Asks: 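Below: one structure in structure tokens.
Every value quoted in this text rests on a predicted model; they were computed, and no experiment measured them.
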Amino acid sequence: QVQLLESGGGLVQAGGSLRLSCAASGRTFSNYAMGWFRQAPGKEREFVAAIKWSSGRTYYADSAKGRFTISRDNAKNTVYLQMNSLKPEDTAVYYCAATSSRSVYYPHEYDYWGQGTRVTVSS
């Protein structure tokens, strides 16, 4: 089993940066992919980025590509989402999640979810 806890959200002005963290715990997650999703009010949960834990291969939504960077620190059992050049449309609750699936792009593929951390980007 995997337990996930997000942190690092907050209020930031457009153009600013935030670094989200997702602390993972559990017996094993080495074969998992870790993903970040976000959900704004009235919208469906959408994929942001993911990383394969073992290989480090990364995946990004078009909206995140070039601005966001996902990474992991094995020693700290933590996944990060560095968000730069933030835009108001990035405002959402951000969730980290873990999946044993080969696919990483859709919420239904994920087995475990954190509680979410809120990101608000002001214009």
Side-chain angles (χ1 to χ4, degrees):
Q1 295 184 356
V2 176
Q3 297 82 44
L4 306 173
L5 180 61
E6 305 98 328
S7 62
L11 175 65
V12 65
Q13 294 185 11
S17 299
L18 283 174
R19 189 193 195 195
L20 306 184
S21 298
C22 177
S25 62
R27 183 176 179 180
T28 179
F29 49 86
S30 61
N31 293 326
Y32 279 75
M34 304 296 297
W36 286 97
F37 289 78
R38 66 187 184 188
Q39 188 166 24
K43 296 184 178 180
E44 295 183 351
R45 191 167 299 188
E46 66 173 347
F47 172 78
V48 178
I51 184 168
K52 294 290 182 71
W53 192 264
S54 295
S55 68
R57 182 175 179 180
T58 57
Y59 308 80
Y60 294 96
D62 288 342
S63 60
K65 203 169 299 181
R67 299 188 299 127
F68 295 2
T69 302
I70 188 169
S71 61
R72 83 257 196 261
D73 186 331
N74 290 345
K76 296 182 178 180
N77 297 322
T78 299
V79 176
Y80 304 97
L81 184 67
Q82 178 67 45
M83 304 188 295
N84 299 326
S85 302
L86 283 162
K87 305 173 182 179
E89 51 263 45
D90 295 318
T91 295
V93 176
Y94 284 70
Y95 299 89
C96 65
T99 179
S100 59
S101 174
R102 294 180 179 179
S103 299
V104 299
Y105 295 108
Y106 300 100
H108 73 262
E109 296 165 342
Y110 285 76
D111 305 302
Y112 305 99
W113 293 86
Q115 86 289 349
T117 185
R118 187 176 300 274
V119 172
T120 302
V121 184
S122 62
S123 61

Asks: Ser100: which residues meet the side-chain hydrogen bond (donor to acceptor under 3.5 Å, both in side chains) condition with it, sequence neighbours left out?
Replies: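 Checked Ser100 against side-chain hydrogen bond (donor to acceptor under 3.5 Å, both in side chains); matches are Asp111.
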Asks: Where the side chain of Thr91 meets the backbone of Val121, is there a donor-acceptor pair that is under 3.5 Å apart?
Replies: yes
Asks: I'd like to check Leu20 versus Tyr80 (side-chain heavy atoms, cut-off strictly below 4.5 Å). Are they in contact?
Replies: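 When only atoms from C-beta onward are counted, Tyr80 and Leu20 do not touch, as no gap falls below 4.5 Å.
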Asks: Between Ile70 and Val93, is there a shared hydrophobic cluster once you connect ILVMFWY residues whose side-chain heavy atoms come closer than 4.5 Å?
Replies: no
Asks: Using 0.5 Å steps for rounding, measure from the OG atom of Ser54 to the CZ atom of Arg72.
Replies: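 These two atoms lie 7.5 Å from each other.
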Asks: What's the separation between atom CE in Met34 and atom OG1 in Thr78, rounded to the nearest 0.5 Å?
Replies: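 Spacing of CE (Met34) from OG1 (Thr78) equals 9.0 Å.
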Asks: CZ of Arg57 to CD1 of Ile51: how many Å apart, nearest 0.5 Å?
Replies: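 If we round to the nearest 0.5 Å, Arg57:CZ and Ile51:CD1 are 11.5 Å apart.
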Asks: Hey, what's the ring geometry for His108 with Tyr106, parallel, tilted or perpendicular (30° and 60° as the breaks)?
Replies: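 Ring orientation, 0 to 90° scale: parallel.
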Asks: Between the main-chain N or O of Glu109 and the side-chain N or O of Thr99, is there a donor-acceptor pair closer than 3.5 Å?
Replies: yes
Asks: Does Ser103 have any side-chain hydrogen bond (donor to acceptor under 3.5 Å, both in side chains) partners at least two apart in sequence or in another chain, and if so, which?
Replies: none
Asks: I'd like to know if the side chain of Glu6 and the backbone of Thr117 have a donor-acceptor N/O pair within less than 3.5 Å.
Replies: no
Asks: Measuring from Leu5:CG to Cys96:SG, what's the distance to the nearest 0.5 Å?
Replies: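 If I round to the nearest 0.5 Å, the distance is 7.5 Å.
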Asks: Check whether any side-chain heavy atom of Val119 sits under 4.5 Å from a side-chain heavy atom of Leu18, and report yes or no.
Replies: yes
Asks: Just jot down the ring pair (Phe, Tyr, Trp, His ring centres under 6.0 Å) partners of Phe47, sequence neighbours excluded, or say none.
Replies: Phe37, Tyr105
Asks: List the residues meeting salt bridge (charged side-chain N to carboxylate O under 4.0 Å, His left out) with Arg67, not counting sequence neighbours, and say none if there are none.
Replies: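 Here the qualifying residues are Asp90.
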Asks: Not counting sequence neighbours, list each pair that qualifies as a salt bridge (charged side-chain N to carboxylate O under 4.0 Å, His left out) and has a residue in residues 44-55.
Replies: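 Counting only pairs at least two positions apart or across chains, the salt bridge (charged side-chain N to carboxylate O under 4.0 Å, His left out) contacts touching residues 44-55 are Arg38-Glu46.
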Asks: Same hydrophobic cluster for Val79 and Tyr112, using side-chain heavy-atom links shorter than 4.5 Å among ILVMFWY?
Replies: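 Yes.
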Asks: Hydrophobic clustering (ILVMFWY, side-chain heavy atoms < 4.5 Å, transitive) - are Trp113 and Trp53 grouped together?
Replies: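 The answer is no; the residues belong to distinct hydrophobic clusters.
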Asks: How about Cys22 and Leu4: do any of their side-chain heavy atoms sit closer than 4.5 Å?
Replies: yes
Asks: Output the distance between atom OG1 (Thr69) and atom CZ (Arg19), rounded to the nearest 0.5 Å.
Replies: 10.5 Å
Asks: Can you check whether Ser101 reaches Tyr110 side chain to side chain, under 4.5 Å on heavy atoms?
Replies: no
Asks: Between Ser123 and Pro88, what is the shortest heavy-atom contact and its length?
Replies: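 Closest approach of Ser123 to Pro88: CB-CG, 3.9 Å.
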Asks: Could you tell me whether the side chains of Gln13 and Ser122 share a donor-acceptor contact shorter than 3.5 Å?
Replies: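 There is no such pair between these side chains.
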Asks: Is it the case that the side chain of Ser63 and the backbone of Ala61 share a donor-acceptor pair, with hydrogens and angles ignored and the cut-off at 3.5 Å?
Replies: no
Asks: Considering residues at least two apart in sequence or located in another chain, which fulfil the ring pair (Phe, Tyr, Trp, His ring centres under 6.0 Å) criterion with Phe68?
Replies: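 Partners of Phe68 under the ring pair (Phe, Tyr, Trp, His ring centres under 6.0 Å) test: none.
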Asks: So do Trp36 and Tyr94 actually touch side chain to side chain, heavy atoms under 4.5 Å?
Replies: yes
Asks: So do the side chains of Val12 and Thr120 get within less than 4.5 Å of each other, counting heavy atoms only?
Replies: no
Asks: If you measure from CD on Glu89 to NZ on Lys43, what distance do you get to the nearest 0.5 Å?
Replies: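 Between atom CD of Glu89 and atom NZ of Lys43 there are 8.0 Å.
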Asks: Where do Ala92 and Ala40 come nearest, in terms of heavy atoms and distance?
Replies: CB-N, 3.8 Å
Asks: Any side-chain heavy atom of Ser17 within less than 4.5 Å of one from Gln82?
Replies: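 When only atoms from C-beta onward are counted, Gln82 and Ser17 do touch, with a gap below 4.5 Å.
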